[in-house]
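Here's the structure, in structure tokens; my notes come after.
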Amino acid sequence: MDVKLINPFISATVEVLETMAFTKANVGKPYLKKEEIAAGDVSGVIGLTGERNGSVSVSFAEECILKIVSNMLGEEYSVVNDDIKDAVGELTNMISGQARKTLDGIGYKFDAAIPTVVVGKDHVISHISSGPMIAIPFDTPNGSFTIEICFDEG
Amino acid sequence: MDLAMKILVVDDFATMRRIVRNILKQLGFTDIVEADDGSTALEILATDKIDLIVSDWNMPKVTGLELLKKIRADSKLKDIPFLMVTAEAQKQNIVEAVQAGCSNYIVKPFTADTISEKLKKIFGE
């Protein structure tokens with residue numbers, strides 16, 4: 001896959017979490033993901049159309065997202081509830097927006113759909129495209145999360 | 001800036017409404033109402049006197065841009081300052097919003113300082 005499509009999502013993720021949730025995320029080594037089972041417990045998925053068609057997901061471990069949303073909203077969360085789901089949708093939205101801004105700067109135009117959120121251990125993430133699924137793991141002081149990027153082959 | 005002004009926060013995500021509300025409270029504003037999309041916002045605007053609108057762009061039913069256009073076309077509402085807070089950061093989005101009469105524009109993610117700075121610009125301080 002075109003690496004130019006990947007990097008904007010990595011930097012957008014780091015920036016969004018740092019600005020909105022005061023959380024520093026360290027990026028790990030990207031890998032090709034084969035299975036559809038999500039790496040985390042709560043995932044946001046957003047469809048993108050334009051330069052290529054595809055989708056991007058952000059999948060958080062429970063402890064990780066509880067801390068992130070607690071930071072974002074200034075109150076403590078200990079269980080995954082509707083507030084957490086809503087926040088994951090909005091985080092997905094912001095990551096997609098920031099990444100699309102960078103992509104727009106290099107001439108790649110994308111439109112985004114409204115994100116959906118899936119919750120539960122071992123849930124499945126269905127990407128729109130059948131292209132290769134690139135997973136990028138991140139670490140935070142309060143647990144891990146993974147983003148997945150899947151676009152049609154150009 | 002009048003801290004007693006009535007502010008309408010419009011976003012389909014409750015999280016973002018809460019973040020914006022928290023920041024506005026932090027800045028000293030007390031009178032804040034919320035709408036979950038443009039059509040709910042129009043209902044509130046029909047009954048309440050609103051001094052500032054802080055709105056998302058991407059929403060179901062009536063989007064932030066459609067809301068802005070409707071407000072600017074309405075003789076009673078046309079002068080209300082409108083701050084767009086959106087994940088839509090591509091150049092053509094900003095141009096479109098400014099052309100439709102947006103008072104200022106914030107790209108998500110943002111900090112309290114950004115909101116404060118933009119409000120000062122809108123209210124000429």
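Every chain is numbered from 1, with letters handed out A, B, ... down the list of sequences.
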Query - Leading residue by heavy atom contact count with chain A [cutoff under 4.5 Å; candidates B:Thr15, B:Val107, B:Asp56, B:Asn58] - result: B:Thr15
**Report entry** Selection from B:Lys108, B:Gln90, B:Met16, B:Met59 maximising heavy-atom pairs under 4.5 Å formed with chain A
**Finding:** B:Gln90
Query raised in the report: Counting heavy-atom pairs under 4.5 Å to chain B, which of A:Asp104, A:Asp86, A:Leu103 comes out on top?
Result: A:Asp86
To check you understand the geometry: which heavy-atom pair defines the closest contact between [X] and [Y], and what is its length?
X	Y	answer
A:Tyr77	B:Arg18	OH-NH2, 2.9 Å
A:Gly97	B:Ala89	O-CB, 4.3 Å
A:Pro115	B:Phe13	CG-CZ, 3.9 Å
B:Pro109	A:Met94	CA-SD, 4.0 Å

Query raised in the report: Measuring from B:Asn22:CG to A:Met72:CE, what's the distance to the nearest 0.5 Å?
Result: 10.5 Å
Requested in this report: Quick one: pull up CG in B:Asp11 and CG in A:Asn93 and give me the separation to the nearest 0.5 Å.
Outcome: 8.5 Å
Look at the side-chain heavy atoms of Ile, Leu, Val, Met, Phe, Trp and Tyr, link any pair under 4.5 Å apart, and say whether [X] and [Y] land in one connected group.
X	Y	value
A:Ile134	A:Ile147	yes
A:Val80	A:Phe60	yes
A:Val16	A:Leu5	yes
A:Leu48	A:Ile149	yes
B:Phe110	B:Val10	no

Query raised in the report: Any side-chain heavy atom of A:Glu90 within less than 4.5 Å of one from B:Arg17?
Result: no
Requested in this report: Decide yes or no for B:Glu88 and A:Arg100: does some side-chain heavy atom of the first lie under 4.5 Å from some side-chain heavy atom of the second?
Outcome: yes
Hey, is [atom1] on [X] packed in by over 12 heavy atoms from elsewhere, all under 6.0 Å?
X	atom1	result
B:Lys120	NZ	no
B:Lys70	NZ	no
A:Lys33	NZ	yes

**Report entry** Interface moiety of A:Ile114 toward chain B, non-hydrogen atoms closer than 4.5 Å
**Finding:** side chain
